[in-house]
Number of protein chains: 2
Amino acid sequence: MEQNRKSVEKNALFEKIPMKGVKHIIVVASGKGGVGKSTVAAGLALSLAAKKYKVGLLDADIHGPSIPTLFDLEQVRPTTHEVDGKTLLTPLEKEGLKIMSLGFFFNPEQAVLWRGPMVTNALKQMIRDTEWGDLDYLVIDTPPGTGDVHITLVTQFSIDGVVIVTTPQQMAIADVQKAITMFKEPHINVPVLAIVENMAWFTPSAHPDERYYLYGMGGGQHLKLVNNIPTLVQIPTNELICKSCDAGAPQDMMRDQSVEKALSILVESIEQEIEGKND
Amino acid sequence: MEQNRKSVEKNALFEKIPMKGVKHIIVVASGKGGVGKSTVAAGLALSLAAKKYKVGLLDADIHGPSIPTLFDLEQVRPTTHEVDGKTLLTPLEKEGLKIMSLGFFFNPEQAVLWRGPMVTNALKQMIRDTEWGDLDYLVIDTPPGTGDVHITLVTQFSIDGVVIVTTPQQMAIADVQKAITMFKEPHINVPVLAIVENMAWFTPSAHPDERYYLYGMGGGQHLKLVNNIPTLVQIPTNELICKSCDAGAPQDMMRDQSVEKALSILVESIEQEIEGKND
């Protein structure tokens with residue numbers, strides 16, 4: 001609670017919507033699409049849950065929600081129930097996570113043709129009116145860019161920190177730097193906890209000693225240094241990650257040692273930054 | 001001109017902004033980010049120009065404009081000039097293309113914190129107030145998703161067709177299907193000319209007989225069949241594509257035979273669909 005209050009004060013420029021029972025909110029973001037934000041958000045939520053934290057996972061990507069596909073929940077619709085005369089959404093539960101997604105409310109094939117103000121309202125309502133219960137962490141997966149969703153999150157909610165996902169190449173770095181700059185703006189001031197460099201290299205299973213840098217190298221390290229970000233973790237590309245996520249079983253990607261290791265370093269760095277734990 | 005008129009009539013539900021001198025507008029889109037939309041848009045524009053068409057390339061991605069990086073134009077600012085008492089933007093010229101990007105107007109490190117209505121206005125102004133001159137094709141690169149930019153383009157401009165870019169995995173397909181569904185909506189009705197499946201596989205240079213399907217396989221084919229789209233082309237992942245684009249020289253990626261071949265099939269299919277050419 002101490003931490004939570006501090007973060008409210010820190011972002012005191014905007015009046016925030018209180019999130020009773022939710023200790024910490026972590027946003028997973030990137031200026032760039034397709035870098036693996038949802039995969040990292042799911043991996044982070046699963047790794048936190050594996051350490052016995054109570055974890056919620058919210059998918060705030062209205063135009064391309066990936067969390068329903070990732071957890072094989074595409075056909076499921078959340079129910080509602082009454083609490084103190086107020087109708088609340090019941091989050092779906094899977095792999096120990098409480099999950100909510102804008103994607104649960106739409107036909108998966110249907111494009112959501114909402115302009116910004118409608119996105120903002122839907123998002124606020126979904127975060128506020130879901131019965132999260134007591135959570136240690138609410139992990140929020142966001143759409144690419146720095147649009148209406150991000151503006152809404154940082155101005156209306158107390159965000160404890162952001163995990164930035166990138167791929168190594170220059171074309172990603174330019175977009176990702178924009179997002180980092182946004183979170184660091186003095187009137188926004190959300191701490192960047194870590195950089196995850198995804199698809200960092202590829203090692204063919206038949207040639208375990210070879211590394212192919214398909215998307216260049218050094219992008220994550222560059223962002224870390226330039227922006228003075230405490231932690232960088234790298235996740236290589238491999239067929240298992242894609243297969244696990246496509247099969248609706250992201251927990252399976254942890255069977256890859258390099259993925260498991262990267263996510264466990266990420267969790268430790270978040271604990272250190274947010275809870276001051278040093279283990 | 002015949003074609004242009006037909007397309008105006010086809011989309012007659014909305015009153016369109018006339019684009020004098022611009023014969024055809026092709027939109028490059030994807031429901032998913034990071035699939036290589038900008039790389040494909042640049043490759044398509046360059047391949048059309050190589051066939052002696054007059055080509056413009058417009059980058060409509062306000063939150064993550066990639067075209068300035070791709071063409072090494074990050075430090076350049078467009079100038080304006082007067083035409084009949086009206087101030088018009090002079091597009092930048094490179095590799096035979098007339099190029100305009102929302103990115104030219106902002107510091108590359110700065111996030112553009114605009115909500116939807118501002119994006120819409122900036123986009124309309126940039127398309128309308130650029131002196132394109134006579135163009136056979138204006139290729140428009142778009143941001144991920146189906147948000148304000150796409151709604152503006154399909155309702156305010158006469159779009160001849162859209163090229164959809166995807167990667168093979170299920171998590172991309174779900175998002176990309178949404179975009180296709182949007183373009184096919186009866187009141188929007190923009191023909192989907194082709195699917196480009198990018199990062200289709202990887203062949204390590206040291207092992208030319210091997211193919212690694214890093215992001216699964218079959219996604220592009222599935223979208224083609226389900227949506228009855230005339231053409232599918234596949235572009236494999238390789239280090240050259242990323243290196244060329246990062247170096248600001250996308251024309252160099254054509255040195256890879258599989259890239260050159262895929263783009264030339266794409267151009268032929270567009271000519272066939274739009275101009276009725278059969279060569």
Side-chain angles (χ1 to χ4, degrees), chain A residues 31-36 38-39 61-66 68-70 74 108-117 119-120 143-148 150-151 167 169-172 174-175 177-179 181-182 185 202 204-207 210 212-216 237-239 242-243 245-247, chain B residues 31-36 38-39 61-66 68-70 74 108-117 119-120 143-148 150-151 167 169-172 174-175 177-179 181-182 185 202 204-207 210 212-216 237-239 242-243 245-247:
Chain A
K32 181 86 184 157
V35 295
S38 301
T39 306
D61 188 351
I62 190 150
H63 294 117
S66 298
T69 310
L70 250 165
E74 281 172 296
E109 295 198 351
Q110 210 62 37
V112 179
L113 292 181
W114 286 0
R115 288 193 182 263
V119 172
T120 302
T146 48
D148 289 274
H150 303 86
I151 302 175
T167 45
Q169 75 268 38
Q170 193 52 42
M171 270 173 75
D175 292 354
Q177 179 59 58
K178 281 184 219 291
T181 304
M182 182 198 80
E185 291 274 357
F202 170 62
S205 41
H207 313 285
E210 297 175 9
Y212 293 89
Y213 294 89
L214 299 176
Y215 308 107
T237 289
N238 70 48
E239 294 105 323
C242 179
K243 207 175 276 179
C245 292
D246 271 2
Chain B
K32 181 85 183 157
V35 295
S38 302
T39 306
D61 188 350
I62 190 149
H63 294 118
S66 298
T69 310
L70 250 165
E74 281 173 296
E109 296 199 351
Q110 210 62 38
V112 179
L113 293 180
W114 286 0
R115 288 194 183 262
V119 172
T120 302
T146 49
D148 290 274
H150 302 86
I151 302 175
T167 46
Q169 76 268 39
Q170 194 52 42
M171 270 175 72
D175 292 355
Q177 179 60 57
K178 281 184 217 291
T181 305
M182 181 198 81
E185 291 275 356
F202 170 62
S205 42
H207 313 285
E210 297 175 11
Y212 294 89
Y213 294 89
L214 299 177
Y215 307 108
T237 289
N238 70 48
E239 293 105 323
C242 180
K243 205 175 278 178
C245 291
D246 271 2

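So that the names make sense, note that chain A is the first sequence line, chain B the second, and so on, each numbered from 1. Note: hydrogens, waters and symmetry copies are ignored here, and every other heavy atom, side chains too, is used.
When Gly31(A), Gly145(A), Ala172(A), Gly64(A) are compared by the number of non-hydrogen pairs under 4.5 Å with chain B, Gly64(A) comes out ahead. Heavy-atom pairs under 4.5 Å with chain B peak, among Ala247(A), Pro204(A), Ala174(A), at Pro204(A).
Heavy atoms of Lys243(A) lying under 4.5 Å from chain B are absent altogether. If you measure heavy-atom distances from Tyr213(B) to chain A, the contacts under 4.5 Å come from the backbone alone. Only the side chain of Ser38(B) has a heavy atom closer than 4.5 Å to any heavy atom of chain A. Only the side chain of Pro144(B) has a heavy atom closer than 4.5 Å to any heavy atom of chain A. For Pro65(B), the parts sitting under 4.5 Å from any heavy atom of chain A are the backbone and the side chain alike. The parts of Ala206(B) that come within reach of chain A are both its backbone and its side chain, each placing non-hydrogen atoms under 4.5 angstrom from that chain. For His150(B), no part lies near chain A; criterion is any non-hydrogen pair under 4.5 Å.
Looking at heavy atoms from C-beta onward, Phe202(B) lies out of side-chain contact with Thr237(A) at the 4.5 angstrom threshold.
Classified by interplanar angle (parallel below 30°, tilted 30° to 60°, perpendicular above 60°), the ring pair Tyr212(B)/His207(A) is perpendicular.
Remark: the backbone N or O of Gly216(A) is not paired with any side-chain donor or acceptor of Asp246(B) at under 3.5 angstrom.
With rounding to the nearest 0.5 angstrom, the CG atom of Asp175(B) is 5.0 Å from the OG atom of Ser66(A).
Each of Gln170(B), Gln169(B), Met171(B) was checked for a side-chain contact (heavy atoms from CB on, under 4.5 Å) with Cys242(A), and the lone residue meeting it is Gln169(B).
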